[in-house]
Amino acid sequence: MKNDKPNPLDEVFDKFLSEKSKIFKNRDVLRHSFVPDELPHREKQSRLIAEILAPALQGSIPSNIFCYGKTGTGKTIVAKYVLNYLIDKCNEMNLTIPITELINCRLVDTPYRVLSNLCKSVGVTVPFTGLPTDEVYKRFQLALDSKEQLMIIVLDEVDELVKKDHKKGNDILYDLTRMNYNLEYARVSLIGISNDLKFKQYLDPRVLSSLSEEECVFDAYTANELQDILNQRAGMGFHEKVLEAGVIPFVSALAAQEHGDARRALDLLHKAGDIAERKGQEIVTEADVKKGQKAIESDIVSNTVNKMPLQSKLILYSIYKLENLALADEIKTGDVYYAYSQLCKSINIEFLTQRRVSELITDLDMLGIISASVISKGRYGRTKKIHLQIPKKVITNVVEKDYMIERLKPVDITLNKDKE
DNA sequence: TGTCCACTGGAAGGGAGGGCTT
DNA sequence: AAGCCCTCCCTTCCAGTGGACA
């Protein structure tokens, strides 16, 4: 398998395998998916959820719970933590262990897929498409009700399910929240998690009342609370005295500015450790944190842009080209559409309608890649005022590397008004 | 004060590509 | 093989809108 010539990659792997990390004791505990034995500053929420789920241990039907709070405020981890604890408790007391299923509705974003995941967790396989949703629901219900058991379903980012299709999203939630009425032996409890506080307004009142029988609010962490969380994880994840004194307060302060996002804080601490390690340092400094922050931001943006479909890249590229024009002090939807259609013509591909382009512009805005605010220009109509929000370097590094876009580099873009 | 612009954004539906049931 | 259903991406249609201008 090996030839005589040494592969330079050997050096990388050998070094990694032979040397113990001077920085990390255990990297995994710094991942936000890791569930520690204790959750600082989430005792109240853990207790509340545990109290709501506890009756299930005695065979009654637990209430559905709706948890909400901003990103990185510990909603998902608290749900996982309580469920793990519940399972341990059942083990300890020789009780039937509940089936638990955590579904992230950002990834599993249609009623069909949610149901097919639920089917899988009760041992039923369904095709990834082809069946009527009703049929998948029936199969799930039948399998679940085949014996006395409790199932706890956690729908993380449940708002995504409803935002995508109000009617279908509400229907599936209605069915799941009311499922207990149709079950003879099994019981179901639903935990809905959302970071969109406006989400409730999309919900059918019937769904809202049954989903939020109990509510659990997660406030943003303060800088001090973040420090406690980071200290706990750093103690497990880093070797002793590896972190320079100011590192944790600095990371906490940065994350507190980002509306108290613990996930972000952990990522940043992890990244800073990585940077220090790669440089062969023995301590992590504030400078590493600063570099880490830049690297994280740049990674996120580049990845997002890279994964976008061609049409969105072309729209983004049109905005970039327009921003480079001296006249483009105020880029409007119409300008972008005109520029975009020029680009499409130059590489001989069909262009989308303005309605669709307007929607894709909104998507880019949601991703934070551009800003697009609706403004009125009086008798000159209503439009979106558009600005690029990412460094132009990302466009040249990522978008221009797309093999389709490479073909149109020489094309000159003009503003809509220039054509008259 | 009414008009009118350049859109926005909701709703409905088409059709392609996938797969199931009968 | 036919009929049906799903998702995804898109089009078409159209009512609604904020505010500059006549």
Side-chain angles (χ1 to χ4, degrees), chain A residues 103-120 124-143 157 159-173 175-176 196 198-199 201-204 307-316 318-319 322 327-341 343-345 349-367 370-387 402 404 414-420:
Chain A
I103 297 175
N104 186 326
C105 301
R106 184 183 290 276
L107 308 170
V108 182
D109 61 351
T110 66
Y112 187 96
R113 284 182 200 156
V114 168
L115 287 168
S116 98
N117 271 40
L118 294 177
C119 278
K120 211 164 150 193
V124 177
T125 37
V126 287
F128 68 87
T129 174
L131 289 179
T133 312
D134 288 1
E135 176 59 28
V136 186
Y137 179 79
K138 271 185 210 151
R139 290 186 191 185
F140 166 57
Q141 188 179 308
L142 202 70
E157 303 197 51
D159 44 299
E160 294 293 326
L161 198 60
V162 181
K163 273 188 212 154
K164 201 172 171 202
D165 188 325
H166 288 200
K167 191 179 175 303
K168 285 185 184 166
N170 270 298
D171 284 353
I172 176 76
L173 288 180
D175 288 342
L176 289 175
D196 182 354
K198 288 179 287 177
F199 158 65
Q201 74 194 40
Y202 301 117
L203 283 180
D204 191 304
K307 277 191 225 148
M308 289 190 317
L310 177 66
Q311 297 288 5
S312 298
K313 277 187 189 161
L314 283 167
I315 292 166
L316 180 60
S318 314
I319 297 167
L322 290 171
L327 289 164
D329 52 335
E330 213 173 72
I331 304 169
K332 307 192 299 299
T333 306
D335 303 326
V336 174
Y337 186 66
Y338 182 70
Y340 154 80
S341 51
L343 291 183
C344 289
K345 280 178 198 160
I349 62 167
E350 296 267 316
F351 51 95
L352 304 172
T353 56
Q354 185 155 338
R355 172 72 188 86
R356 180 67 186 141
V357 169
S358 167
E359 210 157 51
L360 292 177
I361 289 174
T362 307
D363 289 348
L364 290 175
D365 176 38
M366 303 260 261
L367 288 169
I370 60 167
S371 69
S373 44
V374 178
I375 54 156
S376 175
K377 296 175 78 67
R379 68 171 299 142
Y380 302 108
R382 241 156 73 93
T383 183
K384 286 192 185 107
K385 189 177 162 187
I386 298 160
H387 273 299
D402 188 292
M404 285 299 275
T414 55
L415 273 179
N416 202 353
K417 56 190 168 205
D418 297 347
K419 69 182 170 175
E420 267 87 34

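What you are looking at is a predicted structure, and each value in this text was computed from that prediction instead of being measured.
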Visitor: State the CD1-CD1 distance between A/Ile370 and A/Ile315, to the nearest 0.5 angstrom.
Guide: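 Rounded to the nearest 0.5 Å, the CD1-CD1 separation comes out at 8.5 Å.
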Visitor: Quick one: does any side-chain atom of A/Ser358 pair with a main-chain N or O of A/Gln354 as donor and acceptor, under 3.5 Å?
Guide: no
Visitor: Base, backbone or nothing for each nucleotide of nucleotides 10-22 of chain C, written B, S, -, heavy atoms under 4.0 angstrom, 5' to 3'?
Guide: SBBB---BBBBSS
Visitor: Will you find, in the side chains of A/Thr383 and A/Lys377, an N or O donor that is under 3.5 Å from an N or O acceptor?
Guide: no
Visitor: Rounded to whole Å, please give me the gap between CG in A/Asp134 and C1' in B/dC20.
Guide: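 Result: 15 Å.
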Visitor: What is the distance from NZ of A/Lys332 to P of B/dC5, rounded to the nearest Å?
Guide: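 For the pair A/Lys332 NZ and B/dC5 P, the rounded distance is 15 Å.
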Visitor: Could you tell me how far apart A/Met308 (CE) and C/dC9 (C1') are, to the nearest whole angstrom?
Guide: 16 Å
Visitor: Would you mind reading off the bend of the helix from B/dT1-C/dA22 to B/dT22-C/dA1 from its two end axes, five pairs each, to 10 degrees?
Guide: 30°
Visitor: Please check the phosphate of C/dC6 (OP1 and OP2 only) for any side-chain N or O of A/Thr133 closer than 4.0 Å.
Guide: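 Result: yes.
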Visitor: With rounding to the nearest 0.5 Å, note down the distance linking CG in A/Leu176 to CD in A/Gln141.
Guide: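 Spacing of CG (A/Leu176) from CD (A/Gln141) equals 10.0 Å.
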Visitor: How long is the line joining CD of A/Glu135 and C1' of C/dC5, in whole Å?
Guide: 11 Å
Visitor: Kindly compute the distance separating OG1 (A/Thr333) from CD1 (A/Ile386), expressed to the nearest 0.5 Å.
Guide: 4.5 Å
Visitor: Which residue pairs pass the salt bridge (charged side-chain N to carboxylate O under 4.0 Å, His left out) test when at least one of the two sits in residues 127-143 of chain A, sequence neighbours left out?
Guide: A/Glu135-A/Arg139
Visitor: Once each nucleotide of nucleotides 12-19 of chain B is scored for protein heavy atoms under 4.0 Å, what B/S/- sequence comes out, 5' to 3'?
Guide: ------BB
Visitor: Quick one: pull up CG in A/Leu360 and CZ in A/Arg356 and give me the separation to the nearest 0.5 Å.
Guide: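 Nearest 0.5 Å value for the CG-CZ distance: 4.0 Å.
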Visitor: Give a yes or no on whether the backbone of A/Ser312 and the side-chain of A/Tyr340 come within a donor-acceptor separation of less than 3.5 Å.
Guide: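 Looks like no, no N/O pair under 3.5 Å.
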Visitor: In Å, rounded to the nearest 0.5 Å, how long is the span from CG of A/Leu314 to CD1 of A/Ile319?
Guide: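 So the gap between those two atoms works out to 11.0 Å.
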Visitor: Calculate, to the nearest 0.5 Å, the distance between atoms CE and CG belonging to A/Met308 and A/Leu367 respectively.
Guide: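 The CG atom of A/Leu367 is 7.5 Å from CE of A/Met308, to the nearest 0.5 Å.
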Visitor: Apply side chain to side chain contact (heavy atoms under 4.5 Å, CB included) to residues A/Gln311 and A/Cys344 and explain how you reach the verdict.
Guide: CA-CA 9 Å; A/Gln311 297 288 5; A/Cys344 289; 4.3 Å; yes
Visitor: I need the CG-P distance between A/Asp335 and B/dA6, as an integer number of Å.
Guide: 12 Å
Visitor: Ignoring hydrogens and angles, write down the donor-acceptor pairs under 3.5 Å from the side chains of residues 103-117 of chain A, residues two or more places apart or on other chains.
Guide:
unit_1   : atom_1 : unit_2   : atom_2 : d
A/Asn104 : OD1    : A/Arg106 : N      : 2.8
A/Arg106 : NE     : A/Glu157 : OE1    : 2.9
A/Arg106 : NH2    : A/Glu157 : OE1    : 2.9
A/Asp109 : OD1    : A/Arg113 : NH1    : 3.2
A/Asp109 : OD2    : A/Lys164 : NZ     : 3.4
A/Thr110 : OG1    : A/Arg113 : N      : 3.2
A/Tyr112 : OH     : A/Pro127 : O      : 2.8
A/Ser116 : OG     : A/Arg113 : O      : 3.4

Visitor: Heavy atoms within less than 4.0 Å of DNA chain C: which residues of residues 109-117 of chain A have one? Give them sorted by number.
Guide: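 Here the set is A/Thr110, A/Tyr112, A/Arg113.
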Visitor: Could you go step by step and tell me if A/Ile349 and A/Leu310 meet the side chain to side chain contact (heavy atoms under 4.5 Å, CB included) rule?
Guide: CA-CA 11 Å; A/Ile349 62 167; A/Leu310 177 66; 3.9 Å; yes
Visitor: Would you say A/Thr383 places a side-chain N or O within less than 4.0 Å of OP1 or OP2 belonging to B/dA6?
Guide: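 False: A/Thr383 side-chain N/O out of range (4.0 Å or more) of B/dA6 OP1/OP2.
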Visitor: Just how far, in rounded Å, is C1' of C/dC9 from CD1 of A/Ile315?
Guide: 13 Å
